[in-house]
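Below: the structure, in structure tokens.
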Amino acid sequence: MKRLVVANWKMNPVSSQEADRLFVETERSAGGNIEVVVCPPFVFLEKAKMILEEVKVGAQNCSFINEGSLTGEISPRMLKNLGVDYVIIGHSERRNNFNENDKVINEKVKIALENKLSVILCVGESEEERNSGNTNDVIKRQLKEGLEGVKEEIIIAYEPVWAIGSGKACDPDEAEKTRLMIEEMINSRIIYGGSVDPLNVIEYVKKTSFSGFLVGGASLDSEKFGSILRSLRI
Ligand code: PGA
């Protein structure tokens with residue numbers, strides 16, 4: 001199966017012109033035996049669908065219902081109707097800043113799957129949880145509750161919260177242990193996210209069996225993102 005590389009642009013860039021440029025550059029660096037997915041902010045999704053061909057389009061979040069009176073929300077059906085293929089659910093920035101708990105995440109996973117979106121469910125422990133030896137328990141809970149009643153295939157992104165945006169990726173050996181634990185619980189593709197860059201991705205390929213990567217900061221820099229993709233093609 002192809003490796004999966006997901007670019008999570010988060011709340012960047014701030015102009016449509018910059019987004020266009022990034023779409024074009026990302027499209028240029030894609031290809032080969034890698035499935036590349038770009039998850040731009042919602043306002044650029046339609047543009048993404050117009051510009052990207054080889055690269056698939058994903059959303060960074062979706063609502064837990066398909067339609068109704070929910071000011072400011074974006075429904076999974078809207079995403080599907082726009083031609084979006086993937087959706088990230090349960091990113092730690094949503095869990096922590098918008099109080100998304102495992103129950104609401106579970107509702108989002110289910111409705112996204114009903115709409116035939118490919119779900120990327122993020123799980124991962126905080127620094128405190130890691131330091132107190134609770135990594136496995138936290139991830140087991142996130143998976144059990146987040147996937148309650150879910151039978152369809154999904155993608156799991158293991159993202160240690162302390163490694164996100166910190167420039168300190170998790171040591172590959174440590175991440176591989178967690179990957180194995182997740183693999184024992186669920187039969188799905190498991191990708192790694194958290195400060196992935198052109199250098200550490202090579203170590204990850206050598207020392208782990210992750211099916212791909214979720215890339216934040218480095219996906220906004222075409223040089224770095226292109227270099228990550230090139231390393232994975234070798
Ligand atoms: P990062 O973000 O690569 O900037 O650490 C990863 C993510 O949050 O998805």
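Atoms within a ligand are numbered from 1 in the order they appear, just like the ligands themselves. The basis for the numbers below is simple: all heavy atoms, side chains too, and nothing from hydrogens, waters or symmetry mates. Since this is a predicted model, take the numbers as computed values, not measurements.
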Hey, does [X] come in under 3.5 Å of ligand 1, counting only N/O atoms on both sides?
X: G217; answer: yes
X: S166; answer: no
X: L214; answer: no
X: G165; answer: yes

What atoms of ligand 1 come closer than 4.0 angstrom to any heavy atom of [X]?
X: H91; result: 7 (C), 8 (O), 9 (O)
X: E159; result: 6 (C), 7 (C), 8 (O), 9 (O)
X: S195; result: 1 (P), 3 (O), 5 (O)
X: N8; result: 9 (O)
X: G216; result: 1 (P), 2 (O), 3 (O), 4 (O), 6 (C)

**Asked** What residues form a salt bridge (charged side-chain N to carboxylate O under 4.0 Å, His left out) with K206, not counting sequence neighbours?
**Response**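 Checked K206 against salt bridge (charged side-chain N to carboxylate O under 4.0 Å, His left out); matches are E203.
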**Request:** Compute the minimum heavy-atom distance from G194 to ligand 1 and say whether it is under 4.0 Å.
**Result:** yes
**Close approach of G193 to ligand 1, heavy atoms, under 4.0 angstrom** =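 So G193 does not count as touching ligand 1.
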Short N-O contact, [X] and [Y], less than 4.0 angstrom:
X: E174; Y: R130; answer: yes
X: K110; Y: E114; answer: no
X: E176; Y: R179; answer: yes

**Request:** Tell me, yes or no, whether the heavy-atom count around E152 atom CD, taken from other residues, nucleotides or ligands under 6.0 Å, exceeds 12.
**Result:** yes
**Message:** Does atom NZ (K49) have a neighbourhood of more than 12 heavy atoms from anything else shown, all under 6.0 Å?
**Reply:**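 Yes - once you tally the heavy atoms of other residues, nucleotides and ligands closer than 6.0 Å, there are more than 12.
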**Asked** Is there a side-chain contact between D20 and K47 (heavy atoms, below 4.5 Å)?
**Response** yes
**Prompt:** Do W162 and E128 have side-chain atoms, one donor and one acceptor, less than 3.5 Å apart?
**Reply:**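 Looking only at side-chain atoms, E128 and W162 do not form any donor-acceptor pair under 3.5 Å.
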**Prompt:** To the nearest 0.1 Å, how far is atom 2 (O) of ligand 1 from its closest protein heavy atom, and which atom is that?
**Reply:**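 Ranking protein heavy atoms by distance from atom 2 (O) of ligand 1, first comes K10 NZ, 3.2 Å.
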